[in-house]
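Below is one structure, written out as structure tokens; the observations come after it.
Side-chain atoms are counted along with the backbone in the values below, which use heavy atoms only and exclude waters and symmetry mates.
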Amino acid sequence: MAWGFLVPIVVYLLVFYAYPLFRNVELSLRDYTVRSFVQGDAPFTGFANYAEVLKDATFGPALWQTVVFTVVSLAFQFTVGLALAMFFVRNFPLSATLRALFLVPWLLPLIVSSSTWAWMLNSDSGVVNAVLGAFGAGPVNWLTSPDWSLWSVIVANIWIGVPFNLVILYSGLQSISPSVYEAAALDGASGRQRFWSVTLPLLRPVSAITLLLGLVYTLKVFDIIWIMTKGGPSGSSTTFATWSYRLGFGNLVPSFGPGAAVGNLLIAMALVFGLFYIRLQRRQDLS
């Protein structure tokens, strides 16, 4: 009976996770064209696609921009989410209503949120430049300037990801007993000391899960960047996710092998970061 209950989830994982992953690895090891993709007779090339990707001039900037996009987004999403969770954990009138409003960015479809940010940051008719103009500042090419495009999509991604961090961290804060804070206060601990010595240590398991899930999600963000900048201009906001898509589907002559190789490198990055973070958390727990 136990195996009977496990069969549905095992089948689901095999069909929707294991097979696509195997297929992506197989794509990256062969020289696929449109014809061979249909007929299935692509020649085996080993790691030639990976070598081609590593030698590509796009690799270095895309790697750096992927790291910057992920690290900056995670840092601000977690920090802002924790600050809001600390704010809302205190019961006050309209607290539930305000929390519900903060969930709106998370509930909206990504295409709606990304399109709204693209309109707001439009160089000619965007509301952000209109506000800047009201204070006497000149217009900024948020989405069409290599200096600003990456930071623009980062801001949009932070706005979308904050509600997730807020919900998870708020739940974690509610699980901390008020008696712990009372005991710390009786011992003379200030508010800052209670935060660093009580809240953060007790919130560590929830924080680990929040950061790990945010890491995996942020590494593979595609919709926001593609809708707002398509990875441009001049590749200034290209990440591994958008580069993989452009190689596989964004050209008249698709490069399925290199595109799959970039996708596998992205998966490897997620595994490395995830394993490193889990190892770090285990060391902290043991200490």
Q | Side chains of Trp243 and Asp56, donor plus acceptor under 3.5 Å | A | no
Q | Criterion side-chain contact (heavy atoms from CB on, under 4.5 Å) on Trp142 and Ser149, from CA distance to verdict | A | CA-CA 6 Å; Trp142 300 104; Ser149 59; over 6 Å; no
Q | Check: Arg99 and Leu84 side chains under 4.5 Å, non-hydrogen atoms | A | no
(Q) Could you work out, with side chain to side chain contact (heavy atoms under 4.5 Å, CB included) as the rule, every residue matching Val68, not counting sequence neighbours? (A) Trp64, Val72, Leu150, Trp151, Ile154
Q) Between Ser113 and Thr116, is any side-chain donor less than 3.5 angstrom from a side-chain acceptor? A) no
Q. Do Tyr217 and Gln77 get their side chains close enough for a donor-acceptor pair, meaning under 3.5 Å?
A. no
Q) Do you see a donor-acceptor pair shorter than 3.5 Å between the side chains of Thr229 and Ser237? A) yes
Q. For Phe240, does its backbone N or O pair with a side-chain atom of Ser244 as donor and acceptor, under 3.5 Å?
A. no
Q: Tell me yes or no: between the side chains of Asn157 and Ser73, is some donor less than 3.5 Å from an acceptor?
A: yes
(Q) Between Asn24 and Asn264, do the side chains contain a donor N or O and an acceptor N or O under 3.5 Å apart? (A) yes
Q) For Ser236 and Ser234, does a side-chain donor sit closer than 3.5 Å to a side-chain acceptor? A) no
Q) Does one side chain, of Asn141 or Ser123, offer a donor that lies under 3.5 Å from an acceptor on the other? A) yes
